[in-house]
Amino acid sequence: MHTALVKPLKEGQNFVGMLVDVCQTLRWETPVYTMVSSDEWFICECELSVLGQQLEGSGVAKKKKLAKSIAAREILEQLRERGQQQLQEWLERAT
């Protein structure tokens with residue numbers, strides 16, 4: 001199982017890459033990112049469909065990369081919360 005779903009997430013990690021790795025490992029679709037900018041801020045929305053359930057995360061930052069990272073981390077946190085109950089189902093469907 002991917003460590004992102006069982007170990008605590010820490011600042012400075014590549015959350016976008018971790019989320020892609022989780023999706024590839026469990027044979028899920030890749031997340032979809034939408035970026036909107038204002039004068040000083042970037043707003044990133046991330047959507048991920050997991051076995052018929054829609055997860056959404058968002059990030060706001062002055063840099064695109066950071067906004068995307070925050071959004072990906074939100075999705076990973078949701079997966080970690082759900083994973084405690086649904087981990088076995090996810091693994092069975094991935095094989």
Side-chain angles (χ1 to χ4, degrees):
M1 175 47 37
H2 198 285
T3 58
L5 298 179
V6 291
K7 291 188 178 181
L9 301 175
K10 299 177 184 176
E11 291 300 319
Q13 291 180 301
N14 178 0
F15 301 118
V16 174
M18 291 171 82
L19 183 54
V20 168
D21 287 347
V22 168
C23 292
Q24 289 176 347
T25 299
L26 295 172
R27 297 183 182 170
W28 295 340
E29 295 179 20
T30 56
V32 176
Y33 294 93
T34 307
M35 190 73 66
V36 178
S37 64
S38 66
D39 291 338
E40 294 183 27
W41 298 94
F42 291 96
I43 303 165
C44 183
E45 299 290 331
C46 181
E47 294 182 357
L48 177 64
S49 180
V50 177
L51 306 176
Q53 299 175 1
Q54 192 71 18
L55 302 179
E56 297 178 356
S58 62
V60 178
K62 291 191 174 194
K63 295 184 179 185
K64 283 183 185 181
K65 187 175 180 178
L66 181 56
K68 188 173 182 179
S69 179
I70 293 167
R73 183 178 182 162
E74 282 192 12
I75 296 287
L76 286 167
E77 291 288 356
Q78 292 175 46
L79 289 172
R80 288 171 47 80
E81 289 173 13
R82 292 175 187 225
Q84 294 175 2
Q85 298 173 346
Q86 297 178 312
L87 186 58
Q88 190 61 39
E89 176 188 359
W90 292 348
L91 289 172
E92 288 171 3
R93 290 188 179 202
T95 56

*Asks:* For a quick test of reading the model, state the closest non-hydrogen atom pair linking Lys10 to Gln13 and the distance between them.
*Replies:*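 Closest approach of Lys10 to Gln13, heavy atoms only: N-OE1, 2.6 Å.
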*Asks:* Is there a path of hydrophobic side-chain contacts, each under 4.5 Å between heavy atoms, that joins Leu48 and Leu9?
*Replies:*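 As far as the 4.5 Å side-chain criterion goes, Leu9 and Leu48 are connected within one cluster.
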*Asks:* Report the C-alpha separation of Ile43 and Glu45 in whole Å, then their side-chain angles, then the decisive distance to 0.1 Å, and conclude whether the side chain to side chain contact (heavy atoms under 4.5 Å, CB included) test is met.
*Replies:* CA-CA 7 Å; Ile43 303 165; Glu45 299 290 331; 3.8 Å; yes
*Asks:* Looking only at heavy atoms, which two atoms of Ser58 and Ile70 are closest? And how far apart?
*Replies:*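 Heavy-atom minimum between the residues: O-CG2, 3.7 Å.
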*Asks:* How long is the straight-line distance from CG of Leu19 back to CD1 of Ile75, given to the nearest 0.5 Å?
*Replies:*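 Spacing of CD1 (Ile75) from CG (Leu19) equals 6.5 Å.
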*Asks:* Taking side chain to side chain donor-acceptor pair (under 3.5 Å) as the test, write out the residues that go with Glu40, two or more places apart.
*Replies:*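 Per chain and number, Glu40 pairs via side chain to side chain donor-acceptor pair (under 3.5 Å) with no residue.
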*Asks:* Near Glu29 CD, under 6.0 Å, is it more than 12 heavy atoms from other residues, nucleotides or ligands?
*Replies:*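 No, not enclosed.
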*Asks:* Is any side-chain heavy atom of Leu76 less than 4.5 Å from a side-chain heavy atom of Gln78?
*Replies:*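 Side-chain contact under 4.5 Å: no.
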*Asks:* Got a second to check how far Glu81's CD is from Leu79's CG, nearest 0.5 Å?
*Replies:*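 Answer for the CD-CG pair, Glu81 versus Leu79, is 9.5 Å.
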*Asks:* If you group Ile, Leu, Val, Met, Phe, Trp and Tyr by side-chain heavy-atom gaps below 4.5 Å, do Val20 and Met35 land in one group?
*Replies:*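 No: no chain of side-chain contacts under 4.5 Å links Val20 to Met35.
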*Asks:* Going by side-chain hydrogen bond (donor to acceptor under 3.5 Å, both in side chains), name the pairs with one or both residues in residues 63-76, residues two or more places apart or in two chains.
*Replies:*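 Found Glu11-Arg73.
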*Asks:* To check you understand the geometry: which heavy-atom pair defines the closest contact between Pro31 and Cys46, and what is its length?
*Replies:*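 Looking at all heavy atoms of both residues, the closest pair is CB-SG, 3.8 Å.
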*Asks:* Do Phe15 and Val32 share a hydrophobic cluster, counting only Ile, Leu, Val, Met, Phe, Trp and Tyr and linking them when any side-chain heavy atoms are less than 4.5 Å apart?
*Replies:*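 No; tracing contacts between hydrophobic side chains, which count when under 4.5 Å, never links both residues.
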*Asks:* Return the CG to CD distance between Leu55 and Glu47, rounded to the nearest 0.5 Å.
*Replies:*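 These two atoms lie 10.0 Å from each other.
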*Asks:* Got a sec, which pairs hit ring-ring contact (aromatic ring centres under 6.0 Å, His included) with one end in residues 17-48, sequence neighbours left out?
*Replies:*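 The answer is Trp28-Trp90.
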